[in-house]
Each structure stands twice: as structure tokens, then as C-alpha cells.
Trainee: 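Quick one: the structure is below, and I'll ask about it shortly.
In what follows, residues are counted from 1 in the order of the sequence shown.
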Amino acid sequence: MKTSRLAIVGFGNVGQGLLQIIVDRSAQLAGQFGVEFKVVAVNDMRLGSVYHSQGLDHAALLNAAAAGDLAQMPAEQYGWSVQEMLSKADFDTLVEVSFTDLRTGEPALSYIRQALSAGKHAVTTNKGPIALDFHGLQALAQARHVQIGYEGTVMSGTPTLALGRKLLAAAGIQRVQGILNGTTNFILTRMETGESYAQALAGAQALGYAEADPTGDVEGFDTAGKVVILCSLLMGTKLTMSDVDRHGITSLTVNDIRSAQVEGKRWKLIGALERIDGKVSASVRPMLLPMQHPLASVGGPTNAITFTTELLGDVTLVGPGAGRRETGYALLTDLLAIHSAQA
Ligand code: HSE
């Protein structure tokens, strides 16, 4: 049995979702994969910071997070900054799940760089650092002989990047089109049932799909970040956010949605990348899809992606794109991949 020592930065829904899976499935993880995950350090802007060299009590950690304060946890060290934690704690893998900033990637980008530079693995669901500097982080990880995992940055635990990067890599991916944002798909689906845009957005916020500032969702920035990540990972092309021709859903009216229904079509916010004559173009825009299109029937917060390949034609993957357990699962798959590579 191997023990993996985790330091978690950001202990909101996603970090807690991962820990809940680790608690619930510890016997399965030990039996099936021969690994025990031990959280030794947690730092959260709101909840505080704790470290225990022997490992923190996982159940107590979840309870303390629910109560809103980690200071009540038994620990050896309280109040370390993230930088202190990353330099002083005895851990092997950083779980970086602090808030996302798609403009600068910070502070997450610096945390991940610090951990990789110190020879620690890093896993993240944070879109900012991967959209802005995937190639730099990958080079740093390689130089330090460690790994970086980022599966949850696109479609949460639905294994989109693993499928595209590994199993479809030799099939010749020419085009990718996806419903990559749960909030906007939820809003469009609700508007089809007669809800107003404002009511539907409030519903998405109440259910926790929307980003803290929903502008990122409804104006297409979140989808654009995912498109940039897909370009880097699947096409090997470095794009910036401003290279993506981006449009959100705020210009769509209830009337547009109704007229589409009358025509037997549906509006979907589609993130797309396509290789044409060796150049990759990327866009995010509402598209009017006929019902027979593989993405037209995907409703609510569900995400979906169609890979158009030379050898297989279209391959479509449908699954959750957000959520506490779903995104926590993405981190688990990254952690298990790191564990298998070490075994
Ligand atoms: N706000 C995002 C969404 C969360 O609605 O899909 C997952 O990236």
C-alpha cells in the first residue's frame, strides 16, 4: 500500500467533494489501486489553514468546513499562508482548487508553479492556470520529473481530456464542438419551458452551477477558457482568450428561443475549434442546431462534446460538466493517474 500525502489549496465545494469521495471510498481505493490518500494540509481563504504531519482527521475536516472554521480542527500548525504551507509542509501532491481567474490565472498559477518547482505533483480543476500557461506548467513539471493533472478543467469528471488526448490522439481530430458550460445550457433549457432569462439564471445560481460572477458563464468566457485548454491539449496550439471569437447568450430573447422551437431547432452555446489548412480557429457562439444534431438533445446543466476525427468520424461524449462530487471525481482520476505512473 502506498500513501499519497495531499496539500489542498481552496477548500470549497470541489475540495470537499474530493475529500468526501476519499472518505467514502477508502476501502475501494486501497483494494483496487493500493493507495491511501492522506490530507496533511488545507488552506482556504475563508476557512483558515491547518497542517498535521501525521495527516488531518478527514471526517473532522469535513465537519469543520461545514461549520465554517478550520481552527477547531486538531492540528500541529494553524494559520500558514499558502506559500508557507507549500514550502514547509511534508506532502507529495498539491490539490489546487482555489478560485478561477481567467485573466491572470492568479493566485493559482503561482501556487502550482511553486509546488512543481519544489518537485511536488499538482492536480487542479482551475481553468485559469491551464488556459493561460499549460505549456509552461507542463515544461516545468517535466523538468522537475513530476506530473500535473487537469482533467476537471473541462467537463468536470467526464473524462473528456483523457479521451481526446489519449484514445483519440491517433484518430486525427479535425474539429471539436461542445456544450461546455452547464449554467448557460441550463438557462437555455429553462427558457424553452417559458422561464425568463432572469428566472433561469437565478435557478442556475441557486443550484451552484454558475461561477461566483455569472458574467463569466453567460458571456461565454468560461466556455472560451475551456476552448483554449482544448486547443492546447488536442491541437497543440497556443491560443489566448482574445484569440477566441466569443459571444455569450445574453442577446438571445425568449422570442428567439420560441421561434427555434417552432422550426424544430434549438439554440445551444457551442464552443468550437477547428483545424483548417493547418490553422486552428476557435469560437464560442450560440448556434441554432437541428434536432438530429448530436448536441441538440443535451439539456439542463449536462455538458457534451463531439470530436470529429479522420478515422472514426464523429465521437460524442455526454456527461456532467460541474458539481461537487463530479468535479471531485476529476481530481481523483488525476491522483490515480499519478499513483499508477509511480507504481
Ligand atoms: N460555471 C461552470 C459551468 C462550472 O456552469 O459549467 C464548471 O466549469
Trainee: Applying side chain to side chain contact (heavy atoms under 4.5 Å, CB included) to Y150 and L233, what does each step give before you reach the verdict?
Mentor: CA-CA 10 Å; Y150 36 75; L233 292 166; 3.7 Å; yes
Trainee: Run through I249, I179, T183 and flag the one making a side-chain contact (heavy atoms from CB on, under 4.5 Å) with L188.
Mentor: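 It is I249; the other options fail the test.
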Trainee: With the side chain counted from C-beta on, respond yes when V40 and D90 share a heavy-atom pair under 4.5 Å apart, and no when they do not.
Mentor: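 No, side chains not in contact.
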Trainee: Quick one: does D69's side chain have a donor or acceptor within less than 3.5 Å of a partner on G48's backbone?
Mentor: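 Looks like no, no N/O pair under 3.5 Å.
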Trainee: Using the rule given for side chain to side chain donor-acceptor pair (under 3.5 Å), can you reason through T250 versus E219, listing the C-alpha separation, both sets of side-chain angles and the distance that settles it, and then say yes or no?
Mentor: CA-CA 7 Å; T250 46; E219 296 296 356; 3.2 Å; yes
Trainee: In Å and rounded to the nearest 0.5 Å, what is the CE to CG distance from M85 to N43?
Mentor: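 The distance works out to 5.5 Å.
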Trainee: What donor-acceptor contacts under 3.5 angstrom involve side-chain atoms of residues 310-324, with partners at least two apart or in another chain?
Mentor:
{"unit_1": "E310", "atom_1": "OE2", "unit_2": "Q174", "atom_2": "NE2", "d": "2.9"}
{"unit_1": "D314", "atom_1": "OD1", "unit_2": "T308", "atom_2": "OG1", "d": "2.9"}
{"unit_1": "T316", "atom_1": "OG1", "unit_2": "T306", "atom_2": "OG1", "d": "2.9"}
{"unit_1": "R324", "atom_1": "NH1", "unit_2": "N13", "atom_2": "OD1", "d": "3.4"}
{"unit_1": "R324", "atom_1": "NH1", "unit_2": "Q16", "atom_2": "OE1", "d": "3.4"}

Trainee: For K120 and V146, which heavy atoms make the closest approach, and how far apart are they?
Mentor: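 Heavy atoms only, the tightest pair is O-CG2, 3.5 Å.
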Trainee: Cluster question for you: counting only ILVMFWY and a side-chain heavy-atom cut-off of under 4.5 Å, with indirect links fine, are L167 and L234 together?
Mentor: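 Yes: a chain of side-chain contacts under 4.5 Å links L167 to L234.
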Trainee: What are the two closest heavy atoms between A67 and Q72, and how far apart are they?
Mentor: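 Heavy-atom minimum between the residues: CB-NE2, 3.7 Å.
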Trainee: What I'd like to find out is whether the side chain of L230 reaches to under 4.5 Å of the side chain of L161, using heavy atoms alone.
Mentor: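 Result yes, sub-4.5 Å side-chain heavy-atom pair found.
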Trainee: Is there a continuous path of hydrophobic side-chain contacts, each under 4.5 Å between heavy atoms, that joins Y51 to M45?
Mentor: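 Hydrophobic grouping puts Y51 apart from M45.
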Trainee: If every non-hydrogen atom of I338 is compared with every non-hydrogen atom of A122, which pair is closest and at what distance?
Mentor: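 I338 and A122 have their closest heavy atoms at CD1-O, 4.5 Å.
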Trainee: Output yes when a side-chain donor or acceptor of Q114 lies under 3.5 Å from a complementary backbone atom of Q83, and no otherwise.
Mentor: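 Judged by distance alone, yes, a pair lies under 3.5 Å.
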Trainee: Report the C-alpha separation of L86 and F91 in whole Å, then their side-chain angles, then the decisive distance to 0.1 Å, and conclude whether the side chain to side chain contact (heavy atoms under 4.5 Å, CB included) test is met.
Mentor: CA-CA 8 Å; L86 296 180; F91 71 103; 3.8 Å; yes
Trainee: Work out which heavy atom in D334 is nearest to a heavy atom in G152; give both atom names and the distance.
Mentor: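 Closest approach of D334 to G152, heavy atoms only: OD2-N, 4.4 Å.
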Trainee: Please tell me if the side chains of D101 and E106 come closer than 4.5 Å, counting only heavy atoms from C-beta onward.
Mentor: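 Result no, sub-4.5 Å side-chain heavy-atom pair not found.
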Trainee: Quick one: OG1 on T93 to CD on Q342, what's the gap to the nearest 0.5 Å?
Mentor: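 Taking OG1 in T93 and CD in Q342, the distance rounds to 7.5 Å.
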Trainee: Is there a side-chain contact between S53 and E76, using heavy atoms and a 4.5 Å cut-off?
Mentor: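 They are in contact (side-chain heavy atoms under 4.5 Å apart), so the answer is yes.
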Trainee: E36 vs T3, test: side chain to side chain donor-acceptor pair (under 3.5 Å). Steps then yes/no.
Mentor: CA-CA 5 Å; E36 175 201 27; T3 299; 3.0 Å; yes
Trainee: Would you tell me whether T215 and D213 have side-chain atoms, one donor and one acceptor, within less than 3.5 Å of each other?
Mentor: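 Present: a donor and an acceptor within the cut-off.
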Trainee: Rounded at 0.5 Å granularity, tell me how far CG in L116 sits from NE2 in H121.
Mentor: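 Here the rounded value is 10.0 Å.
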Trainee: Would you confirm whether Y78, through its side chain, and M73, through its main-chain N or O, come within 3.5 Å as a donor-acceptor pair?
Mentor: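 Indeed, once roles are kept as given, a pair shorter than 3.5 Å links the two residues.
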Trainee: So does L180 get a backbone contact from the side chain of K226, meaning a donor-acceptor N/O pair under 3.5 Å?
Mentor: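 Yes.
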Trainee: Determine, stepwise, if the pair I22 / L6 fulfils side chain to side chain contact (heavy atoms under 4.5 Å, CB included).
Mentor: CA-CA 11 Å; I22 288 174; L6 309 180; 4.0 Å; yes
Trainee: Determine the sole option in T223, D217, N303 for which the side chain to side chain donor-acceptor pair (under 3.5 Å) test with N181 is passed.
Mentor: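 Filter result, single survivor: D217.
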Trainee: Taking C-beta and beyond as the side chain, do H339 and S4 meet within less than 4.5 Å on heavy atoms?
Mentor: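 Side chain of H339 against side chain of S4, heavy atoms only: no contact under 4.5 Å found.
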Trainee: So, the side chain of T302 versus the backbone of G300: is there a donor-acceptor pair under 3.5 Å, distance only?
Mentor: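 No, the answer is negative, given that no donor and acceptor are paired below the 3.5 Å cut-off.
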Trainee: Under a 3.5 Å distance rule, please check whether K268 uses its side chain to pair with a backbone N or O of V298 as donor and acceptor.
Mentor: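 Yes, because the side chain of K268 sits within donor-acceptor range (under 3.5 Å) of the backbone of V298.
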Trainee: Count I, L, V, M, F, W, Y as connected when their side-chain heavy atoms are under 4.5 Å apart, and connections chain through other members. Are M287 and L273 then in the same cluster?
Mentor: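 Different clusters.
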Trainee: Rounded to the nearest 0.5 Å, how far does OG1 of T240 lie from NZ of K238?
Mentor: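 Answer for the NZ-OG1 pair, K238 versus T240, is 12.0 Å.
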Trainee: Step by step, work out the side chain to side chain contact (heavy atoms under 4.5 Å, CB included) result for F37 and L336.
Mentor: CA-CA 10 Å; F37 293 108; L336 289 173; 4.0 Å; yes
Trainee: Where the side chain of H247 meets the backbone of G220, is there a donor-acceptor pair that is under 3.5 Å apart?
Mentor: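 Absent.
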Trainee: Do L18 and L335 make a side-chain contact, defined as non-hydrogen atoms from C-beta onward lying under 4.5 Å apart?
Mentor: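 Yes, their side chains come closer than 4.5 Å.
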Trainee: Using the test salt bridge (charged side-chain N to carboxylate O under 4.0 Å, His left out), find all partners of E192 that sit at least two apart in sequence or belong to another chain.
Mentor: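 Once residues adjacent in sequence are excluded, the partners of E192 under the salt bridge (charged side-chain N to carboxylate O under 4.0 Å, His left out) criterion are R266.
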Trainee: Would you say V9 ends up clustered with I148 if hydrophobic residues are merged whenever their side chains have heavy atoms under 4.5 Å apart, either directly or through other cluster members?
Mentor: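 The answer is yes; both residues are in one hydrophobic cluster.
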Trainee: Do R246 and M241 make a side-chain contact, defined as non-hydrogen atoms from C-beta onward lying under 4.5 Å apart?
Mentor: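 R246 does not reach M241 side chain to side chain.
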Trainee: Donor-acceptor pairs under 3.5 Å, side chain of residues 129-143 to any protein atom, not counting sequence neighbours: which ones?
Mentor:
{"unit_1": "D133", "atom_1": "OD1", "unit_2": "G136", "atom_2": "N", "d": "3.2"}
{"unit_1": "D133", "atom_1": "OD2", "unit_2": "R113", "atom_2": "NH2", "d": "3.0"}
{"unit_1": "H135", "atom_1": "NE2", "unit_2": "S232", "atom_2": "OG", "d": "3.4"}

Trainee: For F307 versus G164, what's the shortest heavy-atom pair and its separation?
Mentor: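 Distance-wise, the nearest heavy atoms are CE2-CA, 4.0 Å.
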Trainee: Do L109 and T104 come within less than 4.5 Å of each other through their side chains, counting heavy atoms only?
Mentor: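 A side-chain contact under 4.5 Å is absent here.
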Trainee: Mind checking whether F186 and L252 sit in one hydrophobic cluster, side chains of I, L, V, M, F, W, Y counted as touching below 4.5 Å?
Mentor: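 Per the 4.5 Å side-chain linkage, F186 and L252 are not co-clustered.
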Trainee: Rounded to the nearest 0.5 Å, how far does OG1 of T184 lie from CG of L201?
Mentor: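 Interatomic distance, L201 CG to T184 OG1, rounded to 0.5 Å: 10.5 Å.
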Trainee: Please answer whether the main-chain N or O of G182 pairs with a side-chain N or O of N185 as donor and acceptor at a distance below 3.5 Å.
Mentor: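 Not a single qualifying donor-acceptor pair exists.
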Trainee: To the closest 0.5 Å, what do you measure between CZ (F11) and OG (S49)?
Mentor: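 Interatomic distance, F11 CZ to S49 OG, rounded to 0.5 Å: 12.5 Å.
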Trainee: Closer than 3.5 angstrom, by distance alone: can the side chain of R144 be matched with the main-chain N or O of S117 as a donor-acceptor pair?
Mentor: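 Answer holds: yes.
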Trainee: If you look at every heavy atom in K265 and P290, which pair is closest and at what distance?
Mentor: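 Heavy atoms only, the tightest pair is CG-CA, 4.1 Å.
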Trainee: Could you check whether any side-chain N or O of Q199 sits under 3.5 Å from a backbone N or O of S196, counting only pairs where one atom can act as donor and the other as acceptor?
Mentor: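 Yes, Q199 side chain to S196 backbone: donor-acceptor pair under 3.5 Å.
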